[in-house]
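Computed from heavy atoms alone, side chains included, the values below leave out hydrogens, waters and symmetry copies. Treat the numbers as computed from the prediction; the structure is a model and nothing was measured. Both ligands and their constituent atoms are indexed starting at 1 by order of listing.
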Amino acid sequence: MGKTILITGGAGFIGSHVVRLFVKKYPQYTIVNLDKLTYAGNLENLKDIENEPNYIFERADIVNAEEIFVLFEKYSFDGVIHLAAESHVDRSIANPMEFVFANVVGTINLLNAAKKSWNNMEGKRFYHVSTDEVYGSLGDEGLFTENTAYDPRSPYSASKASSDHFVRAWNHTFGLPVVISNCSNNYGPNQFPEKLLPLFINNIITEKPLPVYGKGENVRDWLFVIDHARAIDLIYHEGKNGETYNIGGHNEWKNLDLIKLLCSIMDKKLKREPGTSEKLITYVKDRAGHDLRYAIDASKLQKELGWVPSLQFEEGLEKTVDWYLANKEWINNVTSGDYQKYYKEQYEERK
Ligand code: NAD
Ligand code: TYD
């Protein structure tokens with residue numbers, strides 16, 4: 001009762017769904033959303049809950065240790081759910097240092113602030129939200145389990161793997177009560193249109209090329225973002241200290257098959273001739289070091305905490321498409337700024 005919880009990165013894609021879920025489900029908690037509002041953070045994502053009495057927004061940079069410590073002093077947080085990060089693999093290839101600062105240094109600053117302010121660790125919890133990409137890349141067979149050895153291969157996954165190790169180190173060395181989850185690829189409303197699905201939805205709407213990296217044979221395991229938020233809620237409240245939980249949708253798709261499914265849904269929704277969107281598919285130079293396949297074994301989370309995804313993939317994908325079609329203004333707003341320049345450079349380089 002009456003707890004104050006810090007959620008970092010709450011203005012981003014997944015963070016905004018987690019903030020909404022906590023603000024609505026737990027009116028007895030005070031939820032403090034800490035976000036730097038980078039290109040990926042957008043307060044429009046939280047318009048519907050911004051005036052709730054148990055919601056507070058603080059603009060701050062987790063790389064700035066002093067700023068973070070002042071906030072811990074101000075609010076005496078009972079728990080932290082840490083999502084703030086640089087999250088896009090292509091950007092990590094173009095600019096790795098940003099990822100080291102935000103994902104590694106930023107996480108250590110939060111760990112230090114929690115350690116310093118939690119004289120009594122009883123009832124406290126530091127929840128670090130991470131990715132399945134820390135486990136590396138799979139061949140045609142097998143699944144990542146919580147015991148799979150770390151083998152990160154992109155600057156993004158290396159920075160997230162590093163932050164996971166620091167979180168475990170603060171648990172082992174300083175007794176900080178932590179929990180970690182590693183989740184597969186998320187999709188859904190409010191995802192910035194640089195990741196595969198929202199980028200392709202936006203390009204289909206605006207009739208631009210769909211840049212498929214390599215042959216489109218890479219495989220990803222897709223999970224609806226609200227199912228990830230539900231898992232985070234469960235793990236935050238019921239996960240065991242020091243444990244790791246994998247989260248995934250048992251929903252593997254080869255990129256090209258997924259893109260073709262998306263194209264057919266978009267043709268229907270936009271009342272275009274069947275096959276119209278597929279004509280936009282353009283094969284471009286592959287991503288450097290492109291991981292072949294990710295797939296999660298989420299049986300620990302299912303067995304121990306009873307979590308299963310709530311939504312069938314086709315249903316989730318239709319919901320997502322409907323959301324982007326109904327929120328063209330959101331797309332325009334988030335892609336103003338330097339997005340057009342970034343996207344042009346990415347696309348030109350791959351041609
Ligand atoms: P996102 O890029 O949409 O949002 C990241 C948020 O963090 C933004 O609001 C941004 O402003 C904020 N942020 C970035 N740097 C910051 C800083 N220095 N200080 C304060 N705030 C900062 O990311 P997302 O896709 O919502 O991912 C959220 C978390 O979940 C990340 O930690 C990511 O590694 C992890 N994750 C993502 C996926 C996925 O498919 N997107 C899957 C598994 C895990
Ligand atoms: P992405 O959404 O960037 O997530 P991640 O790399 O973290 O899995 O990419 C998902 C897959 O789609 C990945 O195999 C790369 C591929 N992809 C493209 O083929 N074209 C694109 O324009 C993008 C952004 C991704």
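The distance criterion of under 3.5 Å between nitrogen or oxygen atoms is not met by Val89 with respect to ligand 2. The distance criterion of under 3.5 Å between nitrogen or oxygen atoms is not met by Ala102 with respect to ligand 1.
For Tyr294, the heavy-atom gap to ligand 2 drops under 4.0 angstrom. For Ala11, the closest heavy-atom approach to ligand 1 falls below 4.0 Å.
Atom 8 (O) of ligand 2 has its closest protein heavy atom at Arg220 NE, 2.7 Å. Here the protein heavy atom with the shortest distance to atom 43 (C) of ligand 1 is Cys183 O, 3.3 Å. Looking only at heavy atoms of the protein, atom 21 (N) of ligand 1 is closest to Lys36 N, 3.1 Å. Of all protein heavy atoms, the one lying nearest to atom 38 (C) of ligand 1 is Ile14 CD1, 3.6 Å. For atom 28 (C) of ligand 1, the closest non-hydrogen atom on the protein side is Leu83 O, 3.5 Å. Of all protein heavy atoms, the one closest to atom 42 (C) of ligand 1 is Ser184 O, 3.3 Å. For atom 20 (N) of ligand 2, the nearest protein heavy atom (residue, atom name, distance) is Pro211 O, 2.7 Å. Scanning the protein heavy atoms around atom 2 (O) of ligand 2, the nearest turns out to be Leu196 N, 2.8 Å. Of the protein's heavy atoms, Tyr213 N, 2.9 Å lies nearest to atom 19 (O) of ligand 2. With respect to atom 23 (O) of ligand 1, the closest heavy atom belonging to the protein is Ser87 OG, 3.2 Å. Looking at atom 3 (O) of ligand 1, its nearest protein heavy atom turns out to be Phe13 N, 3.0 Å. Ile62 N, 3.0 Å is the protein heavy atom nearest to atom 19 (N) of ligand 1.
The option from Glu133, Glu194, His290, Gln191 that lies nearest to atom 24 (C) of ligand 2, judged by heavy atoms, is Glu194. Closest to atom 3 (O) of ligand 2 by heavy atom, among Lys195, Arg287, Lys215, Arg293, is Arg287. By heavy-atom distance, the residue among Ala85, Ser157, Ala40, Gly41 lying nearest atom 5 (C) of ligand 1 is Ala85. Closest heavy-atom approach to atom 13 (N) of ligand 1 within the set Asn186, Leu34, Thr38, Asn42: this belongs to Thr38. For atom 11 (O) of ligand 1, the nearest non-hydrogen atom from the set Asp35, Leu196, Asp61, Ile247 belongs to Asp35.
When hydrophobic clusters are built by joining Ile, Leu, Val, Met, Phe, Trp and Tyr residues whose side-chain heavy atoms come closer than 4.5 Å, directly or via intermediates, Tyr127 is not grouped with Phe77.
Among Val32, Thr30, Val19, the one residue that satisfies the side-chain contact (heavy atoms from CB on, under 4.5 Å) test with Tyr55 is Val19.
Ion pairing between a basic and an acidic side chain is recognised when a charged N comes within 4.0 Å of a carboxylate O; Glu44 and Lys47 show no such pairing. Under 4.0 Å is where a charged nitrogen must lie from a carboxylate oxygen, and between Lys36 and Asp61 at least one such pair does. A salt bridge links Lys300 with Glu243; the closest basic N to acidic carboxylate O contact falls under 4.0 Å. Under 4.0 Å is where a charged nitrogen must lie from a carboxylate oxygen, and between Asp257 and Lys254 no such pair does. With respect to the salt-bridge test (charged N to carboxylate O, under 4.0 angstrom), the residues Arg293 and Asp140 do not qualify.
Taking each heavy atom of Ile205 and Leu270 in turn, the nearest pair found is CA-CD1, 4.4 Å.
Side-chain contact, Trp330 with Asn45: a donor N or O sits under 3.5 Å from an acceptor N or O. In this model, a donor atom of one side chain and an acceptor atom of the other lie less than 3.5 Å apart for Ser277 and Asp267. When only modelled atom types and interatomic distance are considered, His128 and Thr107 share no side-chain donor-acceptor pair under 3.5 Å. Asp221 and His250 are not linked by any side-chain donor-acceptor pair at a separation below 3.5 angstrom, with hydrogens and angles left out of the test.
Remark: the backbone N or O of Ala11 is paired with a side-chain donor or acceptor of Asp35 at under 3.5 angstrom. Of the possible polar contacts, one joining the Ser16 side chain to the Gly12 backbone as a donor-acceptor pair under 3.5 Å is found. Here the side chain of Asn185 pairs no donor or acceptor atom with the backbone of Trp222 at under 3.5 angstrom.
Contacts with ligand 2 closer than 4.0 Å are made by no heavy atom of Val284, backbone or side chain. Contact annotation: for Lys160 versus ligand 1, heavy atoms closer than 4.0 Å belong to the side chain alone. Of all the heavy atoms of Tyr156, the ones lying under 4.0 Å from any atom of ligand 1 belong exclusively to the side chain. Only the side chain of Asn185 comes within 4.0 Å of ligand 2, counting heavy atoms alone; its backbone N, CA, C and O stay farther away. Contacts between Phe200 and ligand 2 below 4.0 angstrom, taking non-hydrogen atoms only, involve the side chain exclusively. Under 4.0 angstrom from ligand 2, the non-hydrogen atoms of Asn255 all belong to its side chain. Contact annotation for Asn182 and ligand 1: no heavy atom of the residue comes within less than 4.0 Å of the ligand.
Phe72 does not carry Lys116 over the face of its six-membered ring by the limits of under 6.0 Å from the centre and within 45° of the normal. Figure legend: Arg220 and Tyr294 shown as a cation-pi pair, the cationic atom lying under 6.0 angstrom from the six-membered ring centre and within 45 degrees of its axis.
Using bins of under 30°, 30° to 60° and over 60° for the plane-to-plane angle, the ring pair Tyr29/Tyr26 lands in the parallel bin. Relative orientation of the Phe192 and Tyr39 rings is perpendicular, given thresholds of 30° and 60° on the angle between their planes. Between Phe22 and His237, the ring planes lie parallel to each other; the angle is under 30°, not in the 30° to 60° tilted range.
Atom numbering of ligand 1 starts at 1 in the shown order; those under 4.0 Å from a heavy atom of Asn185 are 40 (O). Atoms of ligand 1 found under 4.0 Å from any heavy atom of Ser130, numbered from 1 in the order shown, are 43 (C), 44 (C). Close contacts of ligand 1 with Ala60, meaning ligand atoms under 4.0 Å from a residue heavy atom, involve 19 (N), 20 (C). Within the listing of ligand 1, atoms 11 (O) sit less than 4.0 angstrom from a heavy atom of Leu37. Less than 4.0 angstrom separates some heavy atom of Val129 from each of these atoms of ligand 1: 30 (O), 32 (O). Taking a cut-off of under 4.0 Å to the non-hydrogen atoms of Asn218, the atoms of ligand 2 that pass are 14 (O). Taking every heavy atom of Leu199 and a limit of under 4.0 angstrom, the matching atoms of ligand 2 come to 22 (O). Remark: ligand 2 atoms within the under-4.0 Å shell around heavy atoms of Val212 are 19 (O). Short contacts between ligand 2 and His88, defined as distances under 4.0 Å to a heavy atom of the residue, involve ligand atoms 3 (O).
Between Phe313 and Trp253, the distance separating the two ring centers is shorter than 6.0 angstrom.
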